[in-house]
Amino acid sequence: MLSKAYDPKATEDRIYKMWEESGAFTANAKSEKESFTISMPPPNATGQLHLGHAVMLALQDIFARFQRMKGKEVLWVPGTDHAAIATESFVIKKLQKEKKMKDPRAQLGREALIGEIKDFVEASKSMIRGQVRKMGSSCDWSRERYTMDPTLNRCVNEVFVSMYRDGLIYRGHRIVNWDPKLQTTVSDDEIEYEERTEQFYTFKYGPFEISTSRPETKFGDKYVVMHPDDKRYTKYVHGQKMIVEWINGPIEATVIKDKAADPEFGTGVMTITPWHDHVDFELAERHKLEKQQIIGFDGKLLPIAGEFSGMSIEDARPKIVEKLKSKGLLVGIKEDYVHNVALSQRGKGMIEPQIKEQWFIDVNKRVVKWKRKELSLKEVMQEVVKSRLITIIPDRFEKTYFHWIDNLRDWCISRQIWWGHRIPVWYKDDRGTRDTHVGVQPPSGSGWEQDPDTLDTWFSSALWTWSTLIDPDLADEYALPLSELLLKSPDFLKFHPTDVMETGYDILFFWVARMILMTTYVTGSMPELEYGQVPFDTVYLHGLIRTRDGRKMSKSDPDTMIDPLDMIQKYGADALRLSMIVGQSPGNDSRLYEEKIAGYRNFVNKLWNASRFALMKCEEAKTDPSTITSLPHAKDLSLADRALLHALEVLIEDVTDGLAKYHLSEVGERIYAFVWEYFCDWYLELSKGTANVAVLVHVLRKILVLLHPYCPFVTEELWASVKASDAGMLLKNPWPNPKAERKDPEAFAQLQVLIDVITAIRRLRSEQGIEPGKEVSVTIFSKDHTALFDSQPEHIRRLGKVGSLTLSNKSEKLTNTAVAILSGAEVHLSLEGLIDVAAELKKLHAEHADLTRYLGSIEKKLQDKSFTDKAPPKVVEMEKKKMEETKEKLKKIDERLKSLS
RNA sequence: GGGCAAUUAGCUCAGCUGGUUAGAGCGCCACAUUGACAUUGUGGAGGUCACUGGUUCGAAUCCAGUAUUGCCCACCA
């Protein structure tokens with residue numbers, strides 16, 4: 001016998017273990033079945049899972065379980081990401097804090113620091129494994145991958161070398177986003193802007209006035225730029241030189257005319273600092289101007305600053321302003337200048353643009369093969385979405401995606417950190433010349449030094465969908481090129497392209513776009529793959545989970561954080577999953593709070609108790625539920641049975657259809673409503689007299705099946721008690737096909753009327769205080785006016801095997817009365833004399849007025865030629881029918897009114 | 001500056017391509033409840049679908065504009 005309430009803690013771990021040990025999560029590459037593949041976005045191996053992971057795991061698990069039950073060969077690949085910068089800075093901070101190290105990089109050196117990081121990563125990996133299991137994720141642990149696996153490293157090197165040979169990867173001096181705090185480059189996407197109010201200084205610069213918020217960069221400014229059409233400066237010509245007094249004495253300035261100078265801004269004149277500003281850099285490139293470094297990579301001023309050399313920016317700024325002031329060059333200070341300051345996403349340090357030698361991927365060079373065409377990486381990325389090879393849900397993100405690509409610059413892929421895939425390039429200084437080796441494997445011979453930089457973490461995760469499917473045993477066979485590696489891997493052949501990429505919209509650019517870039521590049525030249533494969537067919541983007549009042553949950557504010565593991569502990573994984581899925585639509589943020597989760601815990605418990613009730617009924621009927629294999633013959637089904645079976649068939653249709661379309665929220669709500677309202681509030685109530693256990697068990701089983709993708713634990717647990725003896729575990733149970741012959745809309749409509757009748761009688765009894773045994777007659781209007789119930793025989797017949805009804809004595813439950821109606825017991829009811837005539841009259845008059853108004857609107861509509869001519873005939877028919885029905889209703893009300901008065 | 005979206009009940013949100021008199025959960029009010037479910041039931045109140053126009057026989061739904069809010073991208077010396 002089941003316990004009185006569902007206890008997730010006593011169930012979930014046990015059930016998960018059972019699933020895992022059964023091998024049901026393990027995909028078979030040799031299977032004849034159609035495949036369905038999901039690559040799990042690998043969480044960063046830096047510790048705890050948060051709600052973002054929880055929502056992603058819940059969504060993907062629903063996809064996976066649904067498709068598995070539908071009979072597909074499902075592969076869901078789990079894994080973790082090495083998250084280069086995030087992990088390294090996390091571990092460095094940890095070492096500083098826990099081991100009191102000042103500078104762990106310098107103190108430990110490369111090898112030892114990597115060792116520390118590796119240990120940390122291993123620990124968090126096993127933590128994450130446990131947490132992913134807690135969510136109930138049905139992923140294939142035998143295929144777990146990590147973005148730093150040797151196979152992945154091999155793939156990274158292969159792709160790098162190949163792109164290098166194609167001229168897509170190049171090394172160059174470019175202005176990059178330098179993070180002096182973390183001592184590395186960061187990509188454009190890893191920058192955040194913060195609005196700050198700072199002082200804005202205007203200085204005299206020869207005959208001009210120039211303005212800046214950063215005087216400390218101005219030492220090397222020897223170009224003065226103005227718009228070619230600016231009338232104020234027509235007397236100065238491009239290339240004109242002049243001597244101007246500046247911070248550390250006179251310098252030679254050159255006039256540059258360029259449209260980059262906005263005549264509307266300030267004085268319309270500016271000086272430039274090409275080494276430390278993106279725009280200035282481009283301007284300097286255009287005019288082939290000299291570039292000079294002012295600020296060192298440590299964030300301190302270089303010797304060019306003269307007396308300020310070695311000072312940090314913060315210290316130097318006021319002193320420089322002071323000096324310029326004393327020289328009479330300060331024109332003014334604007335105090336409330338608002339502008340955006342670039343900050344590093346990790347560490348929140350100021351970004352100092354610098355010129356550095358870095359590795360880049362060229363996104364504009366048209367050498368990428370795709371479906372026998374030669375395109376640029378940008379063009380391929382656009383092409384696959386335009387041609388619908390990839391669909392993005394919700395589709396508005398396709399616009400965002402295109403917009404991003406339009407503005408995409410070359411991708412800087414090198415990072416000056418130690419944790420990550422090291423760039424597969426080796427150098428050797430040989431009598432003054434420098435040899436370079438770019439290869440998948442290190443060069444032979446001595447004296448070679450590998451490039452110290454590592455690759456952007458997204459470079460390796462961009463290969464995720466297919467690099468995880470390569471047979472690890474083949475990875476060491478360097479004689480095989482990458483294309484052969486893929487074609488010899490059974491998993492790749494069976495499971496790629498993957499079916500759905502489910503992830504947060506916040507990493508559409510970081511990751512999704514880059515997977516498209518890399519996968520199309522790698523497969524585009526392969527005839528075996530029809531000259532190009534996409535990484536996935538569908539991209540499903542979920543939104544962020546926010547707090548109740550719409551704020552972001554952040555680690556710095558622990559009060560706002562909801563820890564998924566706490567919630568699982570408190571309410572169970574099933575309840576948590578429902579609370580994140582139902583009410584969440586793709587691409588939109590949603591809010592989560594404990595009451596919501598508690599609400600779904602109540603639902604899970606309701607289902608549990610409904611099952612308990614069904615089992616109790618089986619016991620009463622001395623029927624072992626496991627022996628129930630079929631439904632009784634149609635003639636032995638009551639009205640309620642037929643109505644419920646009808647509703648179930650409709651539910652199966654809706655759920656199957658909705659899940660295929662990824663309408664998860666809607667489907668969840670649909671099942672929720674069916675279980676609570678139809679199954680529990682209608683059917684179980686009606687079953688309290690005599691129950692048809694076969695129908696009970698049949699419907700309950702179907703509910704468990706349909707709900708399994710959403711609530712895997714509780715459904716599997718209940719399944720054990722109600723399943724047929726020859727059925728296996730629920731997660732492998734076949735998905736039901738809707739059966740049209742079980743549909744019975746007539747019965748469903750009749751039951752609805754009946755429910756209305758019962759409800760009305762209950763109400764009357766409580767409102768009027770009807771004495772037991774007293775005979776009354778009653779007229780009851782159903783909500784939708786489709787049927788009226790009174791003691792007239794024809795209506796009674798409409799309701800099925802109904803004789804008439806009574807309230808015989810006080811102790812008898814109203815629900816029993818309902819059962820009496822259903823089983824056709826011969827009872828008599830007359831509520832005459834107890835009806836509140838005045839109240840009924842009032843109600844009838846109100847209804848009459850409503851209906852008359854409604855009728856008027858329909859009649860008007862039907863007289864309107866433009867309606868009858870233009871509206872589809874079906875609609876006109878419908879309106880006519882509505883008119884007839886309304887007239888009918890009005891007639892009845894009229895009759896009733898007459899009889900009352 | 002460029003782009004994307006949102007605005008529906010007290011709160012959180014559905015409402016899929018225009019079609020009966022707009023829905024759910026929570027909350028609120030009243031009543032019931034030894035009952036499968038101290039996690040339940042029944043009923044109720046509560047909405048000019050942000051605003052203004054337009055298209056249409058018909059608009060929460062499509063279009064334009066306005067207001068407010070949020071997000072993304074770029075970034076100005």
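In what follows, chains carry the letters A, B, and so on, assigned in the order in which the sequence lines appear, proteins first and then strands, with residues in each chain numbered from 1.
Rounded to whole Å, the separation between the C1' atoms of B:rC49 and B:rU21 comes to 15 Å. Annotation: B:rC62 and B:rU39 have their P atoms spaced 43 Å apart (nearest Å). Taking atom C1' on both nucleotides, B:rG2 is separated from B:rU8 by 30 Å, rounded to a whole Å. Between B:rC16 and B:rC57, the two C1' atoms lie 24 Å apart (nearest whole Å). With P as the reference atom, B:rG44 and B:rC4 are 45 Å apart, rounded to whole Å. Taking the C1' atoms as reference points, B:rU66 lies 33 Å from B:rU20, given to the whole Å. Only the P atoms considered, B:rA9 is 30 Å distant from B:rU56, to the nearest whole Å. Remark: the separation of the P atoms in B:rC76 and B:rA59 is 50 Å, to the nearest Å.
Among the heavy atoms of the strands lying under 4.0 Å from A:His663 is at least one base atom, whether or not backbone atoms are also near. The residue A:Thr271 sits close only to the backbone: its heavy atoms come under 4.0 Å of sugar-phosphate atoms, none of a base. Nucleic acid contact for A:Asp280: none, since no nucleic acid atom lies under 4.0 Å from a heavy atom of the residue. Residue-level contact check: A:Val225 touches neither bases nor backbone, having no heavy atom under 4.0 Å from any strand. Within 4.0 Å (heavy atoms only), A:Ala342 reaches no atom of the nucleic acid at all. Within the 4.0 angstrom heavy-atom criterion, only backbone atoms of the sugar-phosphate kind lie near A:Gly583; the bases stay farther away. Among the atoms of the strands shown, only primed sugar atoms or phosphate atoms (P, OP1, OP2) are found under 4.0 Å from some heavy atom of A:Lys218. Contact annotation for A:Lys596: backbone-only contact, meaning every heavy-atom pair under 4.0 Å involves sugar-phosphate atoms and none involves a base.
Proximity of A:Arg548 to the phosphate of B:rC11: no side-chain N or O atom is located under 4.0 Å from OP1 or OP2. For the pair A:Arg612 and B:rC37, the criterion of a side-chain N or O lying under 4.0 Å from OP1 or OP2 is met. Residue A:Asn602 places at least one side-chain N or O under 4.0 Å from the OP1 or OP2 atom of B:rU40. Residue A:Trp676 places at least one side-chain N or O under 4.0 Å from the OP1 or OP2 atom of B:rG41. Checking the phosphate oxygens (OP1, OP2) of B:rU39, no side-chain nitrogen or oxygen of A:Arg601 falls inside 4.0 Å. For A:Lys4 and B:rC37, the shortest distance from a side-chain N or O to OP1 or OP2 is below 4.0 Å.
Going from atom CG of A:Leu664 over to atom P of B:rA14 covers 14 Å, rounded to whole Å. One can place CG of A:Leu408 at 15 Å from C1' of B:rC72, the figure rounded to the nearest angstrom. Straight-line distance from the CD1 atom of A:Ile671 to the C1' atom of B:rG25: 16 Å, rounded to whole Å. One can place CG of A:Asn609 at 5 Å from C1' of B:rA36, the figure rounded to the nearest angstrom. When rounded to the nearest whole Å, the span between CD of A:Glu595 and C1' of B:rU12 equals 11 Å. B:rC73 atom P lies 12 Å from atom CZ of A:Phe397, rounded to whole Å. Put simply, CZ on A:Arg546 is 10 Å from P on B:rC13, counting in whole angstrom units. Distance, A:Phe679 CZ to B:rU40 P: 17 Å, rounded to whole Å.
At least one donor-acceptor pair under 3.5 Å links the side chain of A:Asn407 to the backbone N or O of A:His403. For A:Trp275 (side chain) and A:Ile295 (main-chain N/O), no donor-acceptor pair under 3.5 Å exists by modelled atom type. At distances below 3.5 Å, at least one donor-acceptor pair connects side-chain atoms of A:Glu398 with backbone N or O atoms of A:Ile392.
Of the candidates B:rG41, B:rC73, B:rC71, B:rG41 carries the atom nearest the A:Asp681 side chain, counting heavy atoms from C-beta on. Side chain of A:Lys606, nearest nucleotide from B:rA36, B:rG2, B:rC13: B:rA36. With B:rU12, B:rA77, B:rC75 as the choices, the nucleotide that has an atom nearest any side-chain atom of A:Ser213 turns out to be B:rA77. Of the listed nucleotides (B:rC37, B:rA14, B:rA77), B:rA14 has the atom at the smallest distance from the side chain of A:Asn588. Distances from the side chain of A:Phe509 to the nucleotides B:rU39, B:rC73, B:rA77 place B:rC73 closest. Checking B:rC16, B:rA36, B:rU39 against every side-chain atom of A:Glu666, the shortest atom distance belongs to B:rC16. Considering only side-chain atoms of A:Thr400, the nucleotide from B:rC72, B:rC76, B:rA14 that sits closest is B:rC72. Side-chain proximity of A:Ser585 to B:rA36, B:rA14, B:rC16: nearest is B:rA14. Of the candidate nucleotides B:rC71, B:rA77, B:rC13, B:rC13 has the atom nearest to the side chain of A:Arg591. Distance from the side chain of A:Arg409 is smallest for B:rC75 among the nucleotides B:rU40, B:rC75, B:rA36.
B:rA22 takes the anti form, because its glycosidic angle lies more than 90° either side of 0.
In this structure, A:Arg601 forms no cation-pi arrangement with A:Tyr571, as its terminal cationic atom is not both closer than 6.0 Å to the ring centre and no more than 45° off the ring axis.
At a cut-off of 3.5 angstrom, counting only N and O atoms as typed in the model, there is no donor on one side facing an acceptor on the other between the side-chain of A:Lys399 and the base of B:rC4.
A:His287 and A:Asp258 form a side-chain donor-acceptor contact under 3.5 Å, judged by distance and modelled atom types alone. A:Lys222 and A:Thr254 form no side-chain donor-acceptor contact under 3.5 Å, judged by distance and modelled atom types alone. A donor-acceptor contact under 3.5 angstrom links the side chains of A:Thr202 and A:Ser211, judged on distance only.
Take the nearest nucleotide of RNA chain B for A:Asp589 and for A:Ala5: the residue whose nucleotide is more 5' is A:Asp589. For the pair A:Phe603 and A:Gln584, both in contact range of RNA chain B, the more 5′-proximal nearest nucleotide belongs to A:Gln584.
The partner of B:rU21 is absent, by the rule that a Watson-Crick or G-U pair needs both atom distances under 3.5 Å. Across all strands shown, B:rU40 forms a Watson-Crick or G-U wobble pair, both distances under 3.5 Å, with B:rA32. Look at B:rU56: it lacks any Watson-Crick or wobble partner with both distances under 3.5 angstrom. Using the Watson-Crick or G-U wobble rule with both distances under 3.5 Å, B:rU66 pairs with B:rA50.
Taking the six-membered ring for Trp, A:Tyr672 and A:Phe603 have ring centres closer than 6.0 Å.
Screening A:Tyr678, A:Phe679, A:Phe674 for a side-chain contact (heavy atoms from CB on, under 4.5 Å) with A:Leu651, the sole residue that qualifies is A:Phe674.
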Discussion item. Walk me through whether A:Asp406 and A:Gln382 qualify under side-chain hydrogen bond (donor to acceptor under 3.5 Å, both in side chains).
Written reply: CA-CA 9 Å; A:Asp406 289 343; A:Gln382 286 163 334; 3.2 Å; yes
